[in-house]
Structures are given as structure tokens and as C-alpha cells.
Amino acid sequence: MLEIKFVRQNISKVQRALLMRGETADIEIFSNCDDERRAILLESEELRHRRNLVSQQIASMKKEGDDTSAIEIDMREVSKKIKDLNKLLSETEEKLYAILMALPNIPNESVPVGKDSSDNSVIKQIGKPPEFEFTPAAHWTLGENLGILDFDRASKIAGARFPLYFGAGARLERALINFMLDVQTKEHGYKEVLPPFIVNRKSMTGTGQLPKFEEDLFKIEGRDYFMIPTAEVPVTNIYQGEILDEDMLPIKYAAYTPCFRSEAGSYGKDTRGLIRQHQFNKVELVKFSNPETSYDELEKLLNDAESILQMLKLPYQVIILCTGDLGFSAAKTYDIEVWMPSQDMYREISSCSNFENFQSRRADIRFRRKGEKGTELVHTLNGSGLAVGRTFAAILENYQQTDGTISIPEVLRPYMGCSLITKER
RNA sequence: GGAGAGAUGGCCGAGCUGGCUGAAGGCGCUCGCCUGCUAAGCGAGUGUGGGGCGAAAGCUCCACCGAGGGUUCGAAUCCCUCUCUCUCCGCCA
């Protein structure tokens, strides 16, 4: 959420930002509501002021034993009017709030302007795509042939877009989770967190998934609960409504969670394999940062996520999202894309963003500077480190052998207890 | 699920026979003083949000004592609903 004062004073800047994102929002309605709100507020506050004064007067008159019934009758009217005005006020504020909550974050100045994903630019490419003497198979083919993935049976259990891992496949998934958590906690200073996988509406609103993107979420029927689409939601909301000490910052958390996404509106895309599932595993990195250093923290976060791919020796590239492709809450985002041989292209495996104070304003996460009074909003950041299912897919495809077996990346062998995945029975 | 208790400022904790209580007291924090170090001591200050006036420093008003309603001239204080926490019983991985 943007600050109401900021929007009021920077209407044209906000409009420009919306335009750059390829969005339209009716700023006129905002201005009208805003003016209306202040007009009502002014009137209601004047009346309240009067009521406060008279109430005190009544108190002292009663002490003297004077008759106050005439004033009381008068004040009854005033109170009624205040009540009416308040009703009007909250209606106006609701409208205003709805607009404000639907406004996306302002892109950082370093974000290139562009229309859509085709305008994203590649910042760097690390590692070379492997060369095969055969046509590399898709990971679902490999996985099903090896007996470690079974999408058919998964669909009996739950439906399309759910994974089912067996044997070495299940172990590989678990190995990746452990490996990723170990690297981030032991080498990069993140603290491990295991949060709830179901959250309430307030938390979803705090990080920006609601109110705009409810259709992307799995909701628990009959209760105001949602399955998390990413650990970002529960982990960022850990400090919801709190005031942190400056010397606690930056706070760095690494969390493994399953993620649940309804993937509404993506019917034709990635219908096979592990790329687009309703449920997938992810290790998420979340930071709470001092505003001055948040962009340094973003670079570090990106490096921390990248290090996993480097250690797994998977070829990848880093792209910076242009204004038109930026997520709703983000001010700046890098995507990491891993090489997928069967598709002959790079596919997103991580997304690292700085949200500045967009989420912290919604979730009310502040900090207090040493020696200064007042509080300030922290900056929040997060990034996948990494999406486990997609990493699984990338390993299968990049490490496939002529005979359809999968050699295991060196760093995972201690976790797997083997160096090769062969056909399961 | 049943029966109770509670939710107050950064934290702890009074107030809860309605009116001068934005809220005692303590802790913490900041600034100043003092003590040749440390500890202790003394003094002052120290919530958030939103309006109005002002170039600004600032002045002023309103709201906020879990959330939302109600009663009343007036509510942290009374009533209702909800959420959460705690204790006991039941059930349970």
C-alpha cells in the first residue's frame, strides 16, 4: 500500500508509475473521495470538539447542582449528527481504502521501463547449457520412466497439477530442501523458520495477495483461511504490528514450506511436468531491512539464491523485470531462470524482490532508530532460494544420461546417499 | 466441544462504583547533571494515526485502552457480538 499522503501529493507520479506498469486506476475517484473524506472529517471533528467541551461543562454544572437537562437535549442532537457523519465518513474511507489497497507499488528508479516480459533484460548468464549426443528428454518423461514421478496417479488422488514422488524422487525432493536450508542457514546467516501453511485474511492482505488476487489462492471453505501461495506470507507477517529495534536489522529468515496456487487462468500453460503445479515445495528467503540498505540486501539475496544453482552446477541466467512485468507489491525484482534442456530455454526458478515499505505499511511492521523518537517502516524483501520442484526438474533434465538415468550433482550426494538415480521397481 | 479468567502505551502493570486519565506506578530509552573508572544517584523528556493553521520551528483539534456495534450529554470504565490468549474438563496426532 502506498501512503495516502504520498498519493495525494504525488498524483502525477503515481499515474506515471501505473502507466509504466501497464495498469490503469481511477485516480480521479481517489482524489474525489479524499477531498470528500477531509470535508466530512472537518465537520465531524468540529462537532466532537464542541461535544467534548460541553460534556465537561455538564460535569462541572452537575457538581454545582445546576440543571443541565436543556443542554443535554441539545447535545443529543449533536451526538446524532456526529453519528451520521461518521457513518458517511466510514463509507467514504472504505471507498478510498479500496482504491489505495488496489494500487501497486511504485517501481524503483533503477527498474527499466517496459511493456511486458519481452522487455525484461538479461543481466548475466552463468554456466553453459550442457550438450547432449541425443535429444534430451523432458523431466516428466525421465521421471515417469524411472518410476520416481507419477502424474497419472497423482491426478486420481487430487486432480491435475499435483505431484507424486516415489523412491529416489521423493528422496531427491527432500535432499534438495535440506541442502537449500543448510546452505542458507549455515553459510549465509539465515535463521530457519517453519511457519503455518494456512493463514488468515489479514496476513494475506499484509503481503499484498489480497484483496486483489483472491482467485489465485486456495481458500478454506467456510472459514476465512487461505493456503499459503508462498512462505513469504506467513514469514513476512511474523512481525505484523510490531516495532523492532534497529539493531535487530537486517532479520534474515529461510523457510521451507509447500506452496499452494490455484493457477487460475493458466490452463494451456505447462500442463505437463513439475513446472506449474497446484502444490509445490519452496525454500523462501525473507528479509526485514533498514531502508538505507535494502537495495544492498536485495543484491545479497540474489547472490544467496544464485549460490544454490552454482553449487548444483545448473546453468542459469538472471533477468531484471521491467516495469510492465513487475509484481503488484514489488518495487524491483530479479528473476533467476534455470536452463531446461528439453524446452531449450531458461525457466524461472526464483524471484527476488524488494518491496520497500509497501508490505510493511500494510502489515504495520516498524522499527525504532537508536537515539531518535518515532518509528519508521522497515523494508521487506524476499526471494526463492529456490523453488524445489523446478530445481528437481532442472536436475533431471540437465543431468540425464544416455540411458535415461540421472547422475546426482556432487553436493547432493551426501544427502542422497547415491550418485545415480536408476529405474525403480 | 463444555466451564471459567483475561486482552491497557516499547515492555510490565494500575484504573474498570462512567466525567479534569493519553491514561498512575515501574522498567526501558533519550538528553542533561553528578560521581576521577564501573555500578548507583538526580533532573527533564519519551505512543500512534488523522485533520486545520503556518514558509518553517511550531501551534491547535480529533481519534485510538483486542475488533466491531450499542447505551449515555459524556465510556478504557456499562451492555451485545466477534477474535485471540490463559486455566480446568472432555476428545485427539
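Residue numbers begin at 1 in each chain, while the letters A, B, ... track the order of the sequences.
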Is there any protein nitrogen or oxygen under 3.5 Å from a nitrogen or oxygen in nucleotides 19-23 of chain B, and what are the pairs?
from: B:G19; atom 1: N2; to: A:S55; atom 2: O; distance (Å): 3.0
from: B:C20; atom 1: N4; to: A:K63; atom 2: NZ; distance (Å): 2.8

note: A:E43, atom CD; B:A63, atom C1'; distance rounded to Å ~ 17 Å
By side-chain hydrogen bond (donor to acceptor under 3.5 Å, both in side chains), which residues pair with A:S329, not counting sequence neighbours? none
Show every ring-ring contact (aromatic ring centres under 6.0 Å, His included) that has at least one partner inside residues 287-306 of chain A, sequence neighbours left out. A:Y239-A:F288
With sequence neighbours left out, what residues match A:R51 under salt bridge (Lys or Arg N to Asp or Glu O under 4.0 Å)? none
Name of the residue among A:N237, A:T375, A:I243, A:V378 meeting side-chain contact (heavy atoms from CB on, under 4.5 Å) with A:I365: A:V378
Report each atom pair, protein N/O against N/O of nucleotides 55-62 of chain B, whose distance is under 3.5 angstrom.
from: B:C61; atom 1: O3'; to: A:H49; atom 2: ND1; distance (Å): 2.8
from: B:C62; atom 1: OP1; to: A:H49; atom 2: ND1; distance (Å): 2.8
from: B:C62; atom 1: OP1; to: A:N52; atom 2: ND2; distance (Å): 3.1

Value in whole Å for how far the P atom of B:C82 lies from CG of A:N200: 18 Å
Side chain to side chain donor-acceptor pair (under 3.5 Å) test vs A:Y165 passes for just one of A:R171, A:E173, A:R174, namely A:E173
So what does A:R223 hit on the nucleic acid, given a heavy-atom distance under 4.0 Å: a base, only sugar-phosphate, or nothing? nothing
Output the residues of residues 79-98 of chain A in contact with RNA chain B, where contact means a heavy atom of the residue under 4.0 Å from an atom of the strand; sort by number or write none. A:S79, A:K83
Take atom CD in A:E215; do more than 12 heavy atoms of anything else shown fall under 6.0 Å from it? yes
Rounded distance in Å - NZ (A:K202) to P (B:G68): 11 Å
Qualifying side-chain hydrogen bond (donor to acceptor under 3.5 Å, both in side chains) pairs with a residue from residues 13-24 of chain A, counting only residues at least two apart or across chains: A:E23-A:K212
A:D67 CG to B:C73 P, straight-line distance once rounded to whole Å: 14 Å
Partners passing salt bridge (Lys or Arg N to Asp or Glu O under 4.0 Å) against A:D34 (at least two apart in sequence or in another chain): A:R8, A:R38
Listed once per pair and sorted, the salt bridge (Lys or Arg N to Asp or Glu O under 4.0 Å) pairs that draw on residues 97-112 of chain A, sequence neighbours left out: none
Of the nucleotides B:G50, B:G49, B:C73, which one has an atom closest to the side chain of A:M75? B:C73
I'd like to check A:F213 versus A:F328 (side-chain heavy atoms, cut-off strictly below 4.5 Å). Are they in contact? yes
Take the protein atom CD1 of A:I365 and the nucleotide atom C1' of B:U48, then report the distance between them rounded to whole Å. 16 Å
Interface with RNA chain B, restricted to residues 30-39 of chain A and to heavy atoms under 4.0 Å: A:R37, A:R38
Salt bridge (Lys or Arg N to Asp or Glu O under 4.0 Å) pairs, two or more places apart, involving residues 252-268 of chain A: A:E263-A:R276
Each nucleotide N or O in nucleotides 10-13 of chain B that has a protein N or O under 3.5 Å away: list the pair and distance.
from: B:G10; atom 1: O4'; to: A:R368; atom 2: NH2; distance (Å): 3.1

Can you confirm if the aromatic rings of A:Y190 and A:Y253 lie within a centre distance of less than 6.0 Å? no
